[in-house]
Amino acid sequence: EVQVVESGGGWVQAGGSLRLSCATSGFTFDAFDIGWFRQAPGKEREGVSCISVSDGSTYYADSVKGRFTISSDNAKKTVYLQMNSLKPEDTAVYYCAADIIWMNLYGSKWPVGGGYWGQGTQVTVSS
């Protein structure tokens with residue numbers, strides 16, 4: 001059974017940092033792309049960052065480039081999202097997903113979903 005479990009959310013002041021963890025089990029770790037999505041109240045779900053565990057390639061949404069860093073620990077079968085310089089607009093429920101579904105259009109590629117999802121972790125950034 002595939003399991004995806006997030007942890008590490010919380011409350012932080014603007015400019016602060018948090019690290020989210022996504023622990024996985026039930027599949028060969030490097031078989032899937034794994035990534036983070038977020039959804040704020042009243043907004044659509046947004047693909048934040050993804051990593052190809054097999055080759056280390058990464059994706060970042062423009063809104064988080066230069067502030068967030070995704071990484072993976074193959075021994076622990078865990079993906080991390082280091083979030084620095086947090087802004088109030090980063091406030092959302094963050095979800096980890098495995099087996100990322102990508103959209104390819106006009107030479108651009110971005111994540112639109114996943115085959116397996118965690119339960120989500122709340123990140124709140126106060127101004």
Side-chain angles (χ1 to χ4, degrees):
E1 178 188 6
V2 173
Q3 290 192 324
V4 178
V5 180
E6 306 98 333
S7 61
W11 177 91
V12 65
Q13 288 189 322
S17 298
L18 284 174
R19 189 177 80 156
L20 305 183
S21 298
C22 174
T24 70
S25 62
F27 62 94
T28 302
F29 189 57
D30 63 358
F32 295 149
D33 294 343
I34 299 173
W36 294 91
F37 293 76
R38 68 186 180 187
Q39 188 163 23
K43 294 189 176 181
E44 292 188 355
R45 185 177 65 196
E46 174 189 20
V48 175
S49 181
C50 299
I51 187 167
S52 170
V53 178
S54 60
D55 66 14
S57 58
T58 57
Y59 164 90
Y60 294 96
D62 288 344
S63 57
V64 306
K65 280 181 182 176
R67 301 188 298 122
F68 291 10
T69 303
I70 193 168
S71 62
S72 66
D73 183 328
N74 288 16
K76 295 182 178 180
K77 297 187 177 182
T78 299
V79 170
Y80 303 97
L81 186 67
Q82 178 67 43
M83 306 186 295
N84 298 329
S85 302
L86 283 161
K87 305 175 180 180
E89 51 264 44
D90 294 317
T91 295
V93 178
Y94 283 70
Y95 299 90
C96 182
D99 194 12
I100 299 298
I101 300 167
W102 296 93
M103 175 68 75
N104 289 272
L105 191 64
Y106 303 122
S108 295
K109 175 182 175 181
W110 65 95
V112 295
Y116 306 94
W117 292 89
Q119 79 285 356
T121 185
Q122 176 70 46
V123 171
T124 303
V125 184
S126 66
S127 58

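Only a predicted model underlies this, so the values are computations on that prediction, with no experimental measurement involved.
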Pair listing, ring pair (Phe, Tyr, Trp, His ring centres under 6.0 Å) test, anchored in residues 32-57, at least two apart: Phe27-Phe32, Phe32-Tyr116, Phe37-Trp117

Would you compute the distance between atom OG of Ser127 and atom NZ of Lys87 and round it to the nearest 0.5 angstrom? 13.5 Å

Would you say Ile51 and Val2 are hydrophobically clustered, going by side-chain heavy atoms of ILVMFWY under 4.5 Å? yes

Just to verify, what does Ala14 make a side-chain contact (heavy atoms from CB on, under 4.5 Å) with, not counting sequence neighbours? Pro88, Val125

Do the side chains of Gln119 and Glu6 get nearer than 4.5 Å, heavy atoms only? yes

For Leu86 versus Arg67, what's the shortest heavy-atom pair and its separation? CA-NH1, 3.9 Å

Considering only residues two or more places apart or on different chains, which pairs with a residue in residues 65-113 satisfy ring pair (Phe, Tyr, Trp, His ring centres under 6.0 Å)? Tyr59-Trp102

For a 4.5 angstrom cut-off between non-hydrogen side-chain atoms, does Thr24 reach Val79? no

Going by the salt bridge (Lys or Arg N to Asp or Glu O under 4.0 Å) test, which pairs reach into residues 108-122, not counting sequence neighbours? none

Just to verify, what does Thr124 make a side chain to side chain donor-acceptor pair (under 3.5 Å) with, not counting sequence neighbours? Gln122

Which pairs, with at least one residue in residues 49-63 and sequence neighbours excluded, count as a salt bridge (Lys or Arg N to Asp or Glu O under 4.0 Å)? Asp62-Lys65

Where at least one partner belongs to residues 38-54, residue pairs that pass salt bridge (Lys or Arg N to Asp or Glu O under 4.0 Å), sequence neighbours excluded: Arg38-Glu46, Arg38-Asp90

Tell me if a side-chain donor or acceptor on Gln39 pairs with a main-chain N or O of Ala92 at a distance below 3.5 Å. no

Please list all pairs meeting disulfide bond (SG atoms under 2.5 Å apart) that have one or both residues in residues 51-127, counting only residues at least two apart or in different chains. Cys22-Cys96

Ser17 meets the side chain to side chain donor-acceptor pair (under 3.5 Å) criterion, sequence neighbours left out, with Asn84

Residue pairs, two or more places apart or on separate chains, that pass salt bridge (Lys or Arg N to Asp or Glu O under 4.0 Å) and touch residues 26-36: none

Do Val12 and Val64 sit in the same hydrophobic cluster, where Ile, Leu, Val, Met, Phe, Trp and Tyr count as joined when their side-chain heavy atoms come under 4.5 Å apart? yes

What is the distance from atom CE of Met103 to atom OG of Ser108, rounded to the nearest 0.5 Å? 11.5 Å

Can you measure from CD1 (Ile70) to CD (Gln82) and round to the nearest 0.5 angstrom? 12.0 Å

With sequence neighbours left out, the residues meeting disulfide bond (SG atoms under 2.5 Å apart) with Cys50 are none

The criterion is side chain to side chain donor-acceptor pair (under 3.5 Å); which residues satisfy it with Thr58, sequence neighbours excluded? none

Can you name the closest pair of heavy atoms from Leu81 and Ser49 and give their distance? CD1-CB, 3.9 Å

Are the side chain of Ser21 and the backbone of Gly8 linked by a donor-acceptor contact shorter than 3.5 Å? no

In the structure I gave you, are the side-chain heavy atoms of Ser72 and Ile34 within less than 4.5 Å of one another anywhere? no

Determine whether Thr69 and Tyr60 make a side-chain contact, defined as any pair of heavy atoms from C-beta on separated by less than 4.5 Å. yes

On a heavy-atom basis, which atom in Ile100 and which in Gly35 lie closest, and how many Å separate them? CD1-N, 3.6 Å

